[in-house]
Amino acid sequence: MNEIREWLGGLAPRERNLVYLAAALLCVAVVYFAIVLPVTSAAKQRAARVEQKSADLAWMRQVAPQVMAAAAAGGGTAGSESLVVLVDRTGREAGLGNAIRDQSPDGEHGLRLQLQGASFDVLVAWLASLQQQHGVRVETAMIGAANAPGLVNASLTLTHGAAPGP
């Protein structure tokens, strides 16, 4: 510390002021990049998530009358089970309940689904069962290795109902 004081003492007053100014600018930059920038970035991410969830809620409110009418007409049978309920129920039955992280609507008959740390073999068998027994199709799938052998993280888009026309 004494060496720095001696060095500063040996500088001309104008040079010393420039060194102080540079140190102050460096402190401001460190505060900005270490505190302000991460906080604003996190706030923007949260705002985007809230906006997405608000859009999902608006969609759910829009289709709620149709769901209620379908449930009333179907009498609550398994054939009238919504895709969200079907995926949740069958996923838990297949042993994927702990791996399912997020579900959100994707269009009128679709569902976006996130899984983390799911057994690959169980996931593939479950998807085959959904397709064969319930007519649920995998529109898109992104599957990557997880932290342990045999486990994967997956992002899926599933659809239920008639296939879209050409």
Side-chain angles (χ1 to χ4, degrees), residues 25-74 76 78-166:
L25 288 174
L26 180 63
C27 288
V28 168
V30 166
V31 166
Y32 177 77
F33 286 109
I35 297 171
V36 174
L37 193 59
V39 168
T40 58
S41 176
K44 286 179 185 177
Q45 288 175 344
R46 278 190 222 107
R49 184 174 172 136
V50 166
E51 186 176 321
Q52 177 62 43
K53 295 296 181 183
S54 295
D56 292 346
L57 178 60
W59 175 83
M60 286 181 208
R61 286 182 176 160
Q62 177 186 3
V63 299
Q66 297 167 348
V67 171
M68 297 290 270
S80 66
E81 192 172 40
S82 75
L83 182 57
V84 173
V85 173
L86 176 69
V87 166
D88 187 61
R89 179 181 57 78
T90 59
R92 290 185 193 288
E93 289 171 358
L96 293 171
N98 292 334
I100 297 174
R101 295 290 181 243
D102 190 26
Q103 295 184 35
S104 59
D106 185 52
E108 190 173 329
H109 299 288
L111 178 70
R112 288 186 305 266
L113 183 65
Q114 298 289 325
L115 293 102
Q116 291 181 345
S119 166
F120 178 75
D121 295 337
V122 172
L123 175 63
V124 171
W126 175 62
L127 291 173
S129 170
L130 279 175
Q131 194 276 325
Q132 293 169 355
Q133 296 176 8
H134 304 285
V136 175
R137 293 178 303 143
V138 177
E139 289 293 318
T140 62
M142 293 177 54
I143 300 174
N147 294 337
L151 299 183
V152 295
N153 297 328
S155 176
L156 306 169
T157 303
L158 305 176
T159 59
H160 194 244

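These numbers come from the heavy atoms of this one structure, side chains and all, not from hydrogens, waters or symmetry mates. The first residue of the sequence shown is numbered 1, and numbering continues consecutively from there. Given the structure is predicted, the values throughout are model-derived calculations rather than measurements.
The minimum heavy-atom distance between Asp56 and Ser104, with the atom names listed, is OD2-CB, 3.6 Å. Here the closest heavy-atom approach between residue Val138 and residue Ala141 is recorded as CG1-CB, 3.9 Å. Of all heavy-atom pairs between Pro105 and Trp59, the closest is CB-CZ3, 3.1 Å. In this structure, Ala118 and Ala99 approach most closely via the heavy-atom pair CB-CB, 3.7 Å. Nearest heavy atoms, Gln114 versus Ser155: NE2-OG, 3.0 Å. Annotation for Arg101 and Asn98: closest pair NH1-O, 2.6 Å, computed over non-hydrogen atoms.
Counting only heavy atoms from C-beta outward, the side chains of Ser54 and Val50 approach each other to under 4.5 Å. Taking 4.5 Å as the limit, some side-chain heavy atom of Leu127 sits within range of a side-chain heavy atom of Leu158. Contact check for Arg112 versus Thr157: side-chain heavy atoms found under the 4.5 Å cut-off. A 4.5 Å side-chain heavy-atom check between Val84 and Met60 finds every atom pair outside the cut-off.
Distance alone, capped at 3.5 Å, places no donor-acceptor pair between the His160 side chain and the Leu111 backbone. In terms of modelled atom types and a separation under 3.5 Å, the side chain of Asn153 and the main chain of Ile143 share no donor-acceptor contact.
Once rounded to the nearest 0.5 Å, the distance linking CD of Glu93 with CG of Asp88 reads 10.0 Å. Within the model, atoms CD1 of Ile35 and OG1 of Thr40 stand 12.0 Å from one another, a figure rounded to the nearest 0.5 Å. Summarising the geometry, atom CG belonging to Leu156 is positioned 11.5 Å from atom CG belonging to Asp106; distances are rounded to the nearest 0.5 Å.
Crowding of Asp102 atom CG: a count of heavy atoms from other residues, nucleotides or ligands under 6.0 Å exceeding 12.
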